[in-house]
Amino acid sequence: MKTILAAYSGVLRGTGSSILSALQDLPTAFWPCRSKMEKHLQVISVMQWVISFLALGAACTALLIYMFCTDCWIIAAIYTAWLIIDWNTPKQGGRRSYWVRNWTVWTYFRDYFPIRLIKTHNLLPSRNYIFGYHPHGIFCFGAFCNFGTEATGFSKKFPGIKPSLATLAGNFRLPVLREYLMSGGICPVNRNSIDYLLSLNGTGNAVVIVVGGAAESLHCVPGMNTVTLKNRKGFVKLALQKGSDLVPVYSFGENDVYKQVVFKEGTCLRSLQKRLQKILGFAPCIFHGCGLLFSNSWGIAPYCKPITTIVGEPITVPKIEDPSDEVIDLYHAMYIKSLQCLFDKYKTRFGLKESDILHIH
């Protein structure tokens with residue numbers, strides 16, 4: 001009996017040794033190489049943001065309603081009470097988390113495209129600013145990565161300046177999504193929220209407004225440099241009323257990460273898009289990127305196209321509580337000229353030709 005046990009023990013020891021040896025060989029034999037692992041993490045980081053932006057709010061709303069019909073209704077009731085108490089927080093500076101802004105996942109997000117932030121001039125912490133971001137693109141990847149996270153080092157490049165990316169106010173009515181957005185320093189693009197940041201929150205604030213908004217997203221296709229700006233003067237009036245300097249920002253490559261079906265003006269489908277845009281607050285674009293499994297297939301993942309965001313020279317703006325139309329037009333024209341100069345100065349460095357121009361609608 002002892003002989004049998006000794007023999008069995010020897011087999012086990014031999015098997016354990018063989019398994020250990022096999023496990024040591026696994027990294028080189030079966031595990032993907034480091035570069036492939038990093039690529040997978042980059043894809044996951046981008047897709048979690050896309051899916052969160054598209055579906056997190058709706059999914060959490062449905063879950064909250066469902067929980068009221070289950071034994072977990074007390075949890076739903078507590079969170080609903082919290083929503084009511086906390087309803088105005090997004091309008092009062094939000095609740096940013098520097099821990100969330102510095103998540104490692106955002107570095108993978110940045111490297112997927114990749115996204116870069118280029119500083120051209122210093123900004124004074126003793127002033128407040130309104131950044132005009134162009135173009136909108138489909139998901140504003142450049143705006144989110146540069147101003148909603150620290151992946152591209154905004155705080156190091158602009159010490160003393162706190163960015164607040166403004167987005168649709170409706171997003172802050174959706175449970176959980178509102179917390180996610182606020183943690184990145186994202187705020188509603190409405191008068192109350194911007195007034196608070198530029199008037200009641202001291203200095204060193206930079207509100208980032210995607211000036212073209214949903215209307216501009218209907219024009220974004222690869223190779224096109226089109227911004228909706230001619231009749232967008234509200235942000236200029238606001239800058240004058242608050243005495244906040246205007247800063248043009250242009251992202252080269254923002255329009256290249258998705259391919260969109262653009263319907264001609266006057267067609268029924270184009271009219272339907274515009275009507276839905278007014279009702280929903282965002283444009284229902286028909287677009288595609290690449291597939292998750294095969295890069296040459298269609299899917300919702302964006303193409304890996306570089307996005308380079310240039311922060312231009314600030315335009316000093318005086319404080320005028322009730323600016324006239326003439327003054328607004330003057331500073332609006334100055335802003336357009338500054339944006340055009342910024343585009344022309346850097347376009348050839350990022351894949352465009354000298355003959356390419358910035359179309360302003």
Side-chain angles (χ1 to χ4, degrees), residues 42-57 90 94-118 130-155 157-158 161-172 174 176-189 193 197 206-214 216-217 220 247 249-258 281-283 285 287 289 300-311:
Q42 290 169 11
V43 172
I44 292 170
S45 67
V46 171
M47 290 311 299
Q48 68 83 22
W49 168 249
V50 171
I51 294 171
S52 295
F53 192 80
L54 290 176
L56 180 62
R95 191 168 42 248
R96 75 175 58 218
S97 166
Y98 291 99
W99 174 67
V100 173
R101 286 177 60 87
N102 284 282
W103 274 353
T104 303
V105 67
W106 305 131
T107 63
Y108 289 112
F109 183 101
R110 175 199 65 198
D111 294 339
Y112 175 86
F113 296 94
I115 296 173
R116 287 193 299 159
L117 177 67
I118 295 180
I130 293 180
F131 285 19
Y133 184 89
H134 313 269
H136 184 286
I138 297 293
F139 283 106
C140 297
F141 287 119
F144 169 71
C145 185
N146 289 308
F147 307 117
T149 79
E150 289 295 332
T152 54
F154 182 92
S155 294
K157 293 177 180 177
F158 298 98
I161 305 298
K162 185 166 62 176
S164 297
L165 175 61
T167 187
L168 290 175
N171 290 326
F172 296 88
L174 301 174
V176 181
L177 177 62
R178 69 191 294 276
E179 320 296 341
Y180 194 19
L181 295 177
M182 281 195 292
S183 66
I186 301 175
C187 67
V189 61
S193 175
L197 290 168
V207 178
V208 185
I209 300 176
V210 185
V211 178
E216 191 173 83
S217 65
C220 66
V247 182
V249 180
Y250 194 87
S251 275
F252 293 91
E254 184 74 66
N255 285 346
D256 297 334
V257 297
Y258 282 113
F282 62 89
C285 303
F287 64 92
I300 198 172
Y303 292 107
C304 300
K305 301 290 184 179
I307 299 174
T308 306
T309 302
I310 315 292
V311 179

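The basis for the numbers below is simple: all heavy atoms, side chains too, and nothing from hydrogens, waters or symmetry mates.
- Using cut-offs of 30° and 60° on the angle between ring planes, the pair Trp49 and Phe53 is tilted.
- In this structure, CG on Leu165 lies 11.5 Å from SG on Cys145, to the nearest 0.5 angstrom.
- A centroid separation of less than 6.0 Å is found between the aromatic rings of Phe139 and Tyr258.
- With Asn146 as the fixed residue, the side chain to side chain contact (heavy atoms under 4.5 Å, CB included) test singles out one of Val311, Val208, Thr309: Thr309.
- Arg95 CZ to Leu181 CG: the interatomic distance, rounded to the nearest 0.5 Å, is 12.0 Å.
- For Tyr108 and Trp103, the gap between ring centers reaches or exceeds 6.0 Å.
- For the atom pair Tyr180 OH and Leu56 CG, the distance stands at 8.0 Å (nearest 0.5 Å).
- Contact detail for Ser251 and Pro135: the closest heavy-atom pair is O-CD, 3.5 Å.
- Between Gln48 and Ser52, the closest heavy-atom pair is O-OG, 2.5 Å.
- Lys162 contributes no side-chain N or O that, together with a main-chain N or O of Ala206, makes up a donor-acceptor pair within less than 3.5 Å.
- Here the SG atom belonging to Cys285 is positioned 4.0 Å from the CD1 atom belonging to Ile138, to the nearest 0.5 angstrom.
- Panel note: side chain Tyr112, backbone Pro302; a donor-acceptor pair is recorded below 3.5 Å.
- Nearest approach of Lys305 to Asp256, heavy atoms of both residues: CG-O, 3.5 Å.
- The ring pair (Phe, Tyr, Trp, His ring centres under 6.0 Å) test with Phe147 is passed by exactly one of Phe141, Phe158, Phe154: Phe154.
- Between Arg101 and Pro163, the closest heavy-atom pair is NH2-CG, 3.7 Å.
- No donor-acceptor distance shorter than 3.5 angstrom exists from the side chain of Glu216 to the backbone of Val211, with no hydrogens or angles considered.
- A distance of 4.5 Å separates OG1 in Thr308 from CZ in Arg116, rounded to the nearest 0.5 Å.
- Residues Lys157 and Leu117 meet the side-chain proximity criterion, which asks for heavy atoms closer than 4.5 Å.
- With hydrogens and angles ignored, the 3.5 Å screen pairs a side-chain donor or acceptor of Arg110 with a backbone N or O of Ala151.
- Here Phe109 and Phe144 bring their ring centres to under 6.0 angstrom of each other.
- Annotation: side chain of Cys187 is in contact with side chain of Leu197 (closest heavy-atom distance under 4.5 Å).
- Glu254 places no side-chain N or O within donor-acceptor distance of the main-chain N or O of His134, the cut-off being under 3.5 Å.
- Rounded to the nearest 0.5 angstrom, Ile118 CD1 and Phe252 CZ are separated by 9.0 Å.
- Environment of CZ in Arg96: crowded, with over 12 heavy atoms of neighbouring residues, nucleotides or ligands closer than 6.0 Å.
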